[in-house]
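Protein chains get the first letters and strands the later ones, always in sequence-line order, with residue 1 at the start of each.
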Protein chains: 4
Amino acid sequence: MNKKPGMPRKRPKQARSAVTVANILEAAARILESEGSTGYTTNAVARVAGVSIGSLYQYFPTKEVITRELIALSNNALLADIQRIADLTPPKERLAGILDAAVKHQLRRPALARLLDQLESQLPVPPDTEARKILVEIIRVSLTAAGFDRAPEVESLDVIAITKGLVDAAGERGETNQELLSIRVKRAVFGYLRQPD
Amino acid sequence: MNKKPGMPRKRPKQARSAVTVANILEAAARILESEGSTGYTTNAVARVAGVSIGSLYQYFPTKEVITRELIALSNNALLADIQRIADLTPPKERLAGILDAAVKHQLRRPALARLLDQLESQLPVPPDTEARKILVEIIRVSLTAAGFDRAPEVESLDVIAITKGLVDAAGERGETNQELLSIRVKRAVFGYLRQPD
Amino acid sequence: MNKKPGMPRKRPKQARSAVTVANILEAAARILESEGSTGYTTNAVARVAGVSIGSLYQYFPTKEVITRELIALSNNALLADIQRIADLTPPKERLAGILDAAVKHQLRRPALARLLDQLESQLPVPPDTEARKILVEIIRVSLTAAGFDRAPEVESLDVIAITKGLVDAAGERGETNQELLSIRVKRAVFGYLRQPD
Amino acid sequence: MNKKPGMPRKRPKQARSAVTVANILEAAARILESEGSTGYTTNAVARVAGVSIGSLYQYFPTKEVITRELIALSNNALLADIQRIADLTPPKERLAGILDAAVKHQLRRPALARLLDQLESQLPVPPDTEARKILVEIIRVSLTAAGFDRAPEVESLDVIAITKGLVDAAGERGETNQELLSIRVKRAVFGYLRQPD
DNA sequence: TATGAATGAGCCTTCATTCAT
DNA sequence: AATGAATGAAGGCTCATTCAT
């Protein structure tokens, strides 16, 4: 009936429901971190969440919806951080602040972040691109504000790509020092931006 | 007995079988490109390869082995290209040549390349890292040869990460112009390398 | 995780499931009787049990576990009978009573009994020998109690072997008269025990 | 076409063929001994026999035929031994001689003997009972010749059953001392025969 | 005639999802 | 609303047998 990709089946209206939803999502996240996509089973999620499989399906009509929520949660958290920084930092330091935030974000749960990226790319219908568009836009504006106005459209995408590349690779080899990684990410991004053609 | 991850079950002794093996691998690649991991089924691979499922299993004892073979093939092709360039190009232009080769490689079958990366990260036992080590080593040497001797170990990894980040992102959004992408990758990499701390 | 040979996956908590488990085991038994090992398929068992294949696997993680359970059930039933008789019968008649029980047991479902023996000998890991040990011990004690103390260890094994030999052969040729068979088994066993070297 | 149970596809007419047939049968026997029914595969048999699978099927139209040949071979060997003994031994010692021969036979390749019994019982169509009938007849005659004329028909079957029971059990627990086993078998058989009702 | 590549029915098992209680 | 038993499509893989070379 309403089996198309979509929002969670019901919006939690009571405190208990909100908790249940949160439990389910956190359980999914933990499973992904500990077992990878292999162990990511609706039954496993329900079990770890301390909920019956029936209840799980009362809140999420589809496994895919759980995945989408997880992705959205992660994206929104990052976006909020970045948004806040963009609002509070003077133009010239803004990009650096954003990069710091991105590194910090990805390093919180590196395995999870990588897996969510994978799952996202496997979704039949690419998810709500809204968050992504906003992110790109914030970067673009920050670039311009900092005087990098050579080709902000492309460069904002590249900045994201470079950052993701470095951060993912770091996560994969278990690097966890935020400081050092942050420095190198900034070097790569600003190097790219300042480099003449 | 011989069920450990490893090489194909049977080394083709007749022309016919060599063709079959090639067909199977190509079929697997095509399915990954067209359907993604979802459609990547041994039965589907066999069907697309124009082979019976039994034949497939005569050459590959496990689906995982097909995946590994696909990964190895891709890695080796890239490595061969890079190796050749490293041997033929003067030190100062070497890194640029390698980057060009990498971009070219990834752009040949962008979707496939990305999926293989994913599948590789999902393998129970990480595959033969030999190829990767050689790649890193070649980059490291090229860095030193070009005078980038600040921290070759880390920087060689970062060069790879930056390149992969940019190239994957390009592939994801369907960018196919090798020229333009190559330029930006080089800008990113050399920018990173030249940027003072 | 819990994939080692062992007990059923889930202890039935509701009446419904207890019935389902029983149905599955009885279905397995019936199939073995009517089709032999050839038709003994998890799908067939599920079908005959009037259960979906998924349900079957909710209670038995492996086909092997079904087999083990079947064997254990049969062994335990026999053992219980024998135990009871051993407890209630005066020493001199004890062995005869046990032999009667054994004949009766094997003749209830002769084909099944024979197939379970076969399946048992094919199990990768020989099953819980506990039941067998108890059986041997009971026989041994009964022998001694009846004054057969020549070599109780060996003779108890031989008593079992003789009985099984006769009973299996009878089952194979369709002999079903418990009385007659019982008499001959006792003749064989007591003849063996009384015969001088 | 002629896919019904039957004789080997072609009677070996040349020395080479006879050797091949023998190789195949011996390979089958060895596999059964070393791997049990699990490893008993036509391809495995061919490999161990040093013959291509195609050749195997040239001599045996069906796996079942291989099994039948194996069973027949074993039966005939035993029968020949027994026949010879029956012909050479005076009536009163005849039965004892036969039992010795039976024990000896079963102890030559105990695992194989047991597996062949199993396979025989699994055959869709019970095999050529000729050998069995002759065996029973020989025993029956020996019984009568030795003065055991209470009920030779039934007793001959029971003698066989008792012997098989003891010998199989011995084989299963690894007993290999022919002497000792032979003594116990004779004790059981003669005990049974001499025991009054 | 020998070879071995090819075939495909069928087996065991998983897991997203439904539904009776 | 919660529970968890039940469902069944689908996937990986085996092995007896066939057939082109």
Taking atom types as modelled and ignoring hydrogens, do the side chains of A:Ser17 and A:Thr20 form a donor-acceptor contact shorter than 3.5 angstrom? no

Do any side-chain nitrogens or oxygens of [X] fall under 4.0 Å of OP1 or OP2 in [N]?
{"X": "C:Thr20", "N": "F:dA6", "result": "yes"}
{"X": "C:Tyr59", "N": "F:dA6", "result": "yes"}
{"X": "A:Gln58", "N": "F:dA2", "result": "yes"}
{"X": "C:Tyr57", "N": "E:dT13", "result": "yes"}
{"X": "B:Ser55", "N": "E:dA5", "result": "no"}

According to side chain to side chain donor-acceptor pair (under 3.5 Å), who are the partners of D:Gln118, at least two apart in sequence or on a separate chain?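 D:Gln118 satisfies side chain to side chain donor-acceptor pair (under 3.5 Å) with C:Ser121, C:Gln122 once adjacent residues are dropped.
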
Restricting to non-hydrogen atoms, name the atom on [X] and the atom on [Y] that form the minimum distance, rounded to 0.1 Å.
{"X": "C:Pro124", "Y": "C:Pro126", "answer": "O-CD, 3.8 Å"}
{"X": "B:Asn23", "Y": "B:Ala49", "answer": "O-CB, 3.7 Å"}
{"X": "C:Leu73", "Y": "C:Leu25", "answer": "CD2-CD1, 3.9 Å"}

Judged by atom type as modelled, is there a donor-acceptor pair below 3.5 Å linking the side chain of D:Thr62 to the main-chain atoms of D:Val65? no

Would you kindly give the [atom1]-to-[atom2] distance between [X] and [N], to the nearest whole Å?
{"X": "C:Glu35", "N": "E:dG10", "atom1": "CD", "atom2": "C1'", "result": "15 Å"}
{"X": "D:Gln122", "N": "F:dA16", "atom1": "CD", "atom2": "C1'", "result": "16 Å"}
{"X": "D:Ile24", "N": "F:dA16", "atom1": "CD1", "atom2": "P", "result": "14 Å"}

Along DNA chain F (nearest heavy atom to each residue), the more 5'-positioned of B:Lys63 and A:Leu56: A:Leu56

Runs of at least three Watson-Crick or G-U pairs with DNA chain E, cut-off 3.5 Å: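 Result, WC/G-U stems under 3.5 Å: E:2-21 with F:2-21.
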
Contact list please: residues 36-54 of chain A against DNA chain F, heavy atoms, distance less than 4.0 Å, in numerical order.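 Output list: A:Ser52, A:Ile53, A:Gly54.
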
Does the distance from a Lys or Arg side-chain N to an Asp or Glu carboxylate O, for C:Arg109 and C:Glu26, drop under 4.0 Å? yes

Test the A:Lys63-A:Tyr40 pair against the cation-pi criterion, namely NZ or CZ under 6.0 angstrom from the six-membered ring centroid and within 45° of the ring axis.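 Satisfied, under 6.0 Å and within 45°.
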
List the steps, then state whether side-chain contact (heavy atoms from CB on, under 4.5 Å) holds for A:Leu32 with A:Leu119. CA-CA 10 Å; A:Leu32 283 171; A:Leu119 293 176; 3.8 Å; yes

